[in-house]
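Worksheet: one structure, shown below.
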Amino acid sequence: MTSRVRKSSAGCGLSPREETFDVADTALARALLGPGNANLRPVADGCGVELSTHGTVVRLSGEAAGVARARRLLEGLLELLRGGCALGLSDVEQAVRLAAEDERVKLGDIFLDTVFVSHRSQRITPRGLGQKRYVDAMRRHDMVFGIGPAGTGKTFLAMAMAVAAHKRQEVQRIVITRPAVEAGERLGFLPGDLAQKVNPYLRPLYDALHDLLDADQAQRLLDRGVLEVAPLAFMRGRTLNDAFIILDEAQNTTSDQMKMFLTRLGYRSKAVITGDITQIDLPAERRSGLVEAQRILSGVEGIAFCFFSERDVVRHPLVQDVIRAYERAERRLSPEDAREHD
């Protein structure tokens with residue numbers, strides 16, 4: 001059966017070239033091409049080439065540079081399949097974006113870097129260059145800041161690293177915390193007892209946790225005190241040894257809260273601090289502890305800062321467009337308008 005995927009008109013060039021790429025294995029070819037050859041569309045559009053298939057052979061035609069890029073992409077995608085990666089359309093689209101950022105990128109170094117295997121047998125891996133740098137920083141440093149927009153995997157990857165570290169017996173417990181209420185942890189007006197008051201603010205952390213562990217596993221860790229999910233106010237006065245500690249939504253900490261958290265770090269422990277400095281919910285007169293920590297701690301040996309942008313978003317493609325639109329709108333605001341807007 002022969003199938004053809006046409007290039008977009010933007011990819012037309014003056015140096016035509018044709019090549020063939022033979023997968024030589026029917027099962028691998030089927031996985032590479034995807035249902036109805038859907039996986040070839042982003043490659044053709046991203047490289048500005050025309051792709052056609054016959055059996056296990058892909059024919060590439062178009063401008064020479066585009067054909068070369070498409071071939072490197074197909075080779076990289078085939079490497080992922082041989083390495084055990086379940087290749088979906090979103091993976092191919094992400095691979096095309098990565099290749100557009102850096103033609104020298106090796107897809108296997110990113111997509112085959114398994115951080116953790118979830119209870120659903122899902123391999124948790126970096127999904128881009130930013131996430132790969134973040135994972136490597138967590139492996140090499142005892143304190144890492146992950147700063148960037150929503151949807152870039154900052155908290156989820158940190159939690160996967162924490163669970164994996166505990167499974168390897170590198171730490172004895174995992175502590176996950178966040179400001180319980182964005183503007184100063186004022187819980188008194190909420191109905192219910194303390195647990196009922198703080199639970200809504202910790203719910204996203206439990207949701208991410210249950211993506212990694214089944215309900216019984218997570219509950220056993222919680223019951224044994226191996227895993228603790230608590231509001232930031234509960235960290236005061238503690239020293240955390242042999243622990244992997246995650247502070248989420250750190251942009252909503254005050255300066256005092258951030259200093260308090262950072263000084264909880266004990267022996268044989270790691271701390272990961274995540275936040276988005278474009279979504280600070282503190283009152284205007286309160287400084288963000290995350291913004292201040294970035295200024296004060298930049299350059300301190302042993303501390304790594306990893307910054308994400310909309311290119312690192314791994315949610316629905318529209319999320320990238322939303323972030324870019326807000327950034328454009330904020331750049332158009334005058335200083336006075338920006339202060340009023342904040």
Next item on the list: Walk me through it: do Arg133 and Leu129 pass the test side chain to side chain contact (heavy atoms under 4.5 Å, CB included)?
Entry: CA-CA 6 Å; Arg133 287 190 289 266; Leu129 293 170; 3.8 Å; yes
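- Of all the heavy atoms in Leu107 and Leu77, the pair that sits closest is CD1-N, 4.0 Å.
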Checklist line | Derivation and outcome, side chain to side chain contact (heavy atoms under 4.5 Å, CB included), residues Arg72 and Glu103 | finding: CA-CA 9 Å; Arg72 285 195 297 269; Glu103 288 190 357; 3.3 Å; yes
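- Nearest approach of His210 to His119, heavy atoms of both residues: O-NE2, 3.2 Å.
- Contact check for Asn39 versus Leu32: no side-chain heavy atoms found under the 4.5 Å cut-off.
- In this structure the side chain of Thr274 reaches within 4.5 angstrom of the side chain of Asp248, judged on heavy atoms.
- Applying the ring pair (Phe, Tyr, Trp, His ring centres under 6.0 Å) test to Phe308 and every residue at least two apart in sequence or in another chain returns Tyr134.
- Rounding to the nearest 0.5 Å gives a distance of 6.5 Å between CG of Leu51 and CG of Leu74.
- Remark: Arg268 engages Asp242 in a side chain to side chain donor-acceptor pair (under 3.5 Å) (not counting sequence neighbours).
- The closest donor-acceptor contact from the side chain of Gln251 to the backbone of Asp276 lies under 3.5 Å.
- Residues Pro179 and Leu247 share a closest heavy-atom pair of CD-CD1, 4.3 Å.
- Of the possible donor and acceptor atoms, one in the side chain of Arg264 sits under 3.5 Å from a partner among the backbone N and O of Met260.
- Within a 6.0 Å radius of CZ in Arg123, other residues, nucleotides and ligands contribute more than 12 heavy atoms.
- Phe244 has its side chain within reach of Met161: a pair of non-hydrogen atoms, C-beta onward, lies under 4.5 Å apart.
- To the nearest 0.5 Å, atoms CD (Glu50) and CG (Leu40) are separated by 12.0 Å.
- You'll find the side chain of Val49 stays beyond 4.5 Å of the side chain of Arg69, heavy atoms only.
- Atom CD of Glu301 is surrounded by 12 or fewer heavy atoms from other residues, nucleotides or ligands within 6.0 Å.
- Under a hydrophobic clustering in which Ile, Leu, Val, Met, Phe, Trp and Tyr are joined whenever their side-chain heavy atoms come within less than 4.5 Å, directly or via other members, Leu89 and Phe111 fall into different clusters.
- Under the 4.5 Å side-chain heavy-atom criterion for Ile, Leu, Val, Met, Phe, Trp and Tyr, Val117 and Leu81 are members of distinct hydrophobic clusters.
- Atom CE of Met235 is separated from atom OG1 of Thr177 by 4.5 Å, given to the nearest 0.5 angstrom.
- To the nearest 0.5 Å, the span separating OG on Ser288 from CD1 on Ile280 amounts to 4.0 Å.
- Contact between Gly46 and Val96 at its shortest, heavy atoms only, is CA-CG1, 3.9 Å.
- Note on Val57: it does not cluster hydrophobically with Val43, by side-chain heavy-atom contacts below 4.5 Å among ILVMFWY residues.
- Checking side-chain atoms of Ser269 against main-chain N and O of Leu265 turns up no donor-acceptor pair under 3.5 Å.
- Tracing side-chain contacts under 4.5 Å through hydrophobic residues (I, L, V, M, F, W, Y), one reaches Leu60 starting from Leu28; they form part of the same cluster.
- With contacts defined as side-chain heavy-atom distances shorter than 4.5 Å, the pair Tyr267/Thr239 does not qualify.
- Using modelled atom types, no side-chain atom of Gln172 and backbone atom of Val226 make a donor-acceptor pair closer than 3.5 Å.
- The shortest side-chain heavy-atom distance between Thr253 and Ile273 does not fall under the 4.5 Å cut-off.
- A salt bridge between Arg71 and Glu75 is present, with a side-chain N of the basic residue lying under 4.0 Å from a carboxylate O of the acidic one.
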Note to self: Before you tell me yes or no, could you show the steps for Phe156 and Val115 under side chain to side chain contact (heavy atoms under 4.5 Å, CB included), namely the whole-Å CA-CA distance, both residues' side-chain angles and the distance that decides it to 0.1 Å?
What the structure shows: CA-CA 11 Å; Phe156 185 72; Val115 174; over 6 Å; no
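- Side-chain atoms of Ile277 and Gln294, non-hydrogen and from C-beta on, do get closer than 4.5 Å to each other.
- Side-chain contact between Tyr326 and Thr278 is absent, with no heavy-atom pair separated by less than 4.5 Å.
- Considering only residues two or more places apart in sequence or on other chains, Asp136 meets the salt bridge (Lys or Arg N to Asp or Glu O under 4.0 Å) condition with Lys132, Arg139.
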Next item on the list: Apply side chain to side chain contact (heavy atoms under 4.5 Å, CB included) to Ile110 and Gln131, showing your working.
Entry: CA-CA 8 Å; Ile110 299 174; Gln131 289 194 0; over 6 Å; no
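- Salt bridge status for Arg82 with Glu79: absent, with no side-chain N to carboxylate O gap under 4.0 Å.
- With sequence neighbours excluded, the residues that form a ring pair (Phe, Tyr, Trp, His ring centres under 6.0 Å) with Phe145 are Phe305.
- A distance of 5.0 Å separates CG of Asp142 from NZ of Lys270, quoted to the nearest 0.5 Å.
- Of all non-hydrogen atoms in Leu205 and Met159, the two that sit nearest each other are O-CE, 3.3 Å.
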Show me, pair by pair, the donor-acceptor contacts under 3.5 angstrom made by side chains of residues 215-225, not counting sequence neighbours?
unit_1: Gln217; atom_1: OE1; unit_2: Asp214; atom_2: N; d: 3.1
unit_1: Gln219; atom_1: NE2; unit_2: Asp223; atom_2: OD1; d: 2.8

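- Residues in residues 152-169 take part in these salt bridge (Lys or Arg N to Asp or Glu O under 4.0 Å) pairs, two or more places apart or across chains: Arg168-Glu170.
- Screening Asp312, Asp113, Asp91 for a salt bridge (charged side-chain N to carboxylate O under 4.0 Å, His left out) with Arg127, the sole residue that qualifies is Asp91.
- Gln257 approaches Asn252 most closely through the heavy-atom pair OE1-O, 4.0 Å.
- Distance check: Ile147 CD1 to Phe307 CZ gives 4.5 Å after rounding to the nearest 0.5 Å.
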